[in-house]
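Note that the coordinates shown come from a computational prediction; the quantities given were computed from them, not determined experimentally.
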Amino acid sequence: MNIKTRIAVNVLNDGGIISIPTDTIQGLSCLPRFDDSLQKLVDLKKRSVEKGLILLASDPAYFQDYVEDISLLTQLTSTIKDPITYLLKASDTAPKILLGGHDTIAIRLTTNPLIMDLCKYTQSALVSTSANISGLKAAKTTLELRIYFKNQLDYIIAPNKAENSPSSIINLQTGERLR
């Protein structure tokens, strides 16, 4: 594990908020087991709690505690060219702030090497949301991250230069494609 990943893992395990390049755009992340971190993430973005947040993971097993029907996790697929966010019925124990007032939870399986390492070494899915203030464009540089969030992020792994599109969104229970 490289030093940047090691620092990110330590910050996440201590309840911190980090910014990382994901398989789609630069994101803000924390671990879903820290209620204070979840609230801080929403506050940093000036985002309505009604919007909910997504979970990213490298293995469907990391989603088990957050979905009602774990058998649906076997249907998850991950592709680099077309990331897909799935909506599944949330478990009763999933943090409400992740759900955004809905009964579903958004999850995305990814093969992004950084996220794979973060999941492996934290033994957790990652909460993720775009690295921006609600209503503004996602940050594409470290300077933009600092302008948006000042010194409120606990750690930053610089954005990569790739221009990626947001993921497709599919309700896994109904098959409905929402984006």
Side-chain angles (χ1 to χ4, degrees), residues 8-20 22-76 78 83-110 112 115 118-136 138-139 148-149 152-155 166-179:
V9 165
N10 289 337
V11 169
L12 287 168
N13 280 329
D14 286 341
I17 307 282
I18 65 172
S19 182
I20 57 171
T22 71
D23 54 338
T24 55
I25 60 176
Q26 186 73 12
L28 300 179
S29 291
C30 66
L31 295 182
R33 66 178 173 252
F34 296 111
D35 291 337
D36 290 346
S37 299
L38 293 169
Q39 187 60 56
K40 180 180 176 186
L41 188 62
V42 169
D43 292 346
L44 278 173
K45 286 184 56 81
K46 300 177 173 69
R47 178 185 175 112
S48 166
V49 293
E50 297 302 309
K51 289 190 173 186
L53 299 164
I54 186 174
L55 288 180
L56 299 179
S58 56
D59 184 325
Y62 292 121
F63 299 129
Q64 287 185 87
D65 294 338
Y66 306 99
V67 300
E68 184 175 271
D69 184 356
I70 61 173
S71 70
L72 291 175
L73 294 178
T74 61
Q75 297 178 39
L76 296 181
S78 172
I84 300 172
T85 298
Y86 296 100
L87 300 178
L88 289 111
K89 178 97 168 135
S91 71
D92 292 337
T93 58
K96 299 300 179 213
I97 200 165
L98 292 177
L99 311 183
H102 305 281
D103 65 351
T104 56
I105 189 162
I107 61 174
R108 186 167 70 243
L109 191 62
T110 179
N112 174 294
I115 294 170
L118 294 175
C119 290
K120 176 181 175 182
Y121 293 110
T122 62
Q123 287 295 290
S124 177
L126 302 177
V127 176
S128 185
T129 184
S130 56
N132 64 327
I133 302 296
S134 190
L136 300 178
Y148 283 162
F149 305 110
Q152 297 178 77
L153 298 176
D154 298 303
Y155 190 63
S167 66
S168 301
I169 300 174
I170 297 174
N171 185 318
L172 195 57
Q173 297 158 156
T174 66
E176 178 184 8
R177 187 179 192 103
L178 305 170
R179 177 172 68 195

(message) For the backbone of Lys89 and the side chain of Asp103, can you confirm whether one donor and one acceptor N or O come within less than 3.5 Å of each other?
(response) no

(request) Nearest 0.5 Å please: distance from the CG atom of Asn112 over to the CG atom of Leu56. (result) 8.5 Å

(request) Supply the atom-to-atom distance Leu87 CG to Ile107 CD1, rounded to the nearest 0.5 angstrom. (result) 9.0 Å

(request) Might you point out which heavy atoms bring Tyr148 and Ala139 nearest each other, and give the distance in Å? (result) CE1-N, 3.9 Å

(message) Against Val127, only a single residue in Leu55, Leu31, Leu28 fulfils side-chain contact (heavy atoms from CB on, under 4.5 Å); can you say which?
(response) Leu55

(message) Restricting to non-hydrogen atoms, name the atom on Ile105 and the atom on Leu98 that form the minimum distance, rounded to 0.1 Å.
(response) CD1-CD1, 4.0 Å

(message) Once rounded to the nearest 0.5 Å, what's the spacing between atom OG of Ser91 and atom CZ of Phe63?
(response) 13.0 Å

(message) For Lys40, is the NZ atom crowded, meaning more than 12 foreign heavy atoms sit under 6.0 Å from it?
(response) yes

(message) To check you understand the geometry: which heavy-atom pair defines the closest contact between Asp23 and Pro83, and what is its length?
(response) OD2-CB, 3.7 Å

(message) Looking at every heavy atom in both Val9 and Tyr121, which two are closest together, and how far apart are they?
(response) CG2-CB, 3.7 Å

(message) Just by distance, no angles: are the side chains of Ser130 and Asn132 close enough, under 3.5 Å, to form a donor-acceptor pair?
(response) yes

(request) For Thr85 and Arg108, indicate whether the former's side chain and the latter's backbone hold a donor-acceptor pair under 3.5 Å. (result) no

(message) Does Ser19 form a side chain to side chain contact (heavy atoms under 4.5 Å, CB included) with Gln26? I'd like the steps, not just the answer.
(response) CA-CA 7 Å; Ser19 182; Gln26 186 73 12; 2.8 Å; yes

(request) Please determine if Arg33 and Asp65 form a salt bridge, counting it only when a charged side-chain N lies under 4.0 Å from a carboxylate O. (result) no

(request) Supply the atom-to-atom distance Leu41 CG to Asp36 CG, rounded to the nearest 0.5 angstrom. (result) 12.5 Å

(message) Could you check whether any side-chain heavy atom of Ser48 comes within less than 4.5 Å of a side-chain heavy atom of Ser134, counting everything from C-beta outward?
(response) no

(request) Compare all side-chain heavy atoms of Leu53 with those of Arg47 and state whether any distance is below 4.5 angstrom. (result) yes

(message) On a heavy-atom basis, which atom in Pro32 and which in Tyr66 lie closest, and how many Å separate them?
(response) CG-OH, 3.2 Å

(message) If you define the side chain from C-beta out and look only at heavy atoms, does anything of Leu44 sit under 4.5 Å from Leu153?
(response) yes

(message) Ignoring hydrogens, what is the shortest heavy-atom contact between Ile25 and Ala138? Give both atom names and the distance.
(response) CD1-CB, 4.0 Å

(request) Could you tell me the separation between the CG atom of Asp59 and the OG1 atom of Thr110, rounded to the nearest 0.5 Å? (result) 12.5 Å

(request) List for me each residue that meets side-chain hydrogen bond (donor to acceptor under 3.5 Å, both in side chains) alongside Asp69, sequence neighbours excluded, and say none if there are none. (result) Ser71

(request) Please round to the nearest 0.5 Å and tell me the distance separating atom OG of Ser128 and atom CD1 of Ile20. (result) 6.0 Å

(request) With Asp154 as reference, evaluate Leu12, Asp14, Val11 under the side-chain contact (heavy atoms from CB on, under 4.5 Å) test and give the passing residue. (result) Val11

(request) Report the C-alpha separation of Leu118 and Ile18 in whole Å, then their side-chain angles, then the decisive distance to 0.1 Å, and conclude whether the side chain to side chain contact (heavy atoms under 4.5 Å, CB included) test is met. (result) CA-CA 11 Å; Leu118 294 175; Ile18 65 172; 4.2 Å; yes

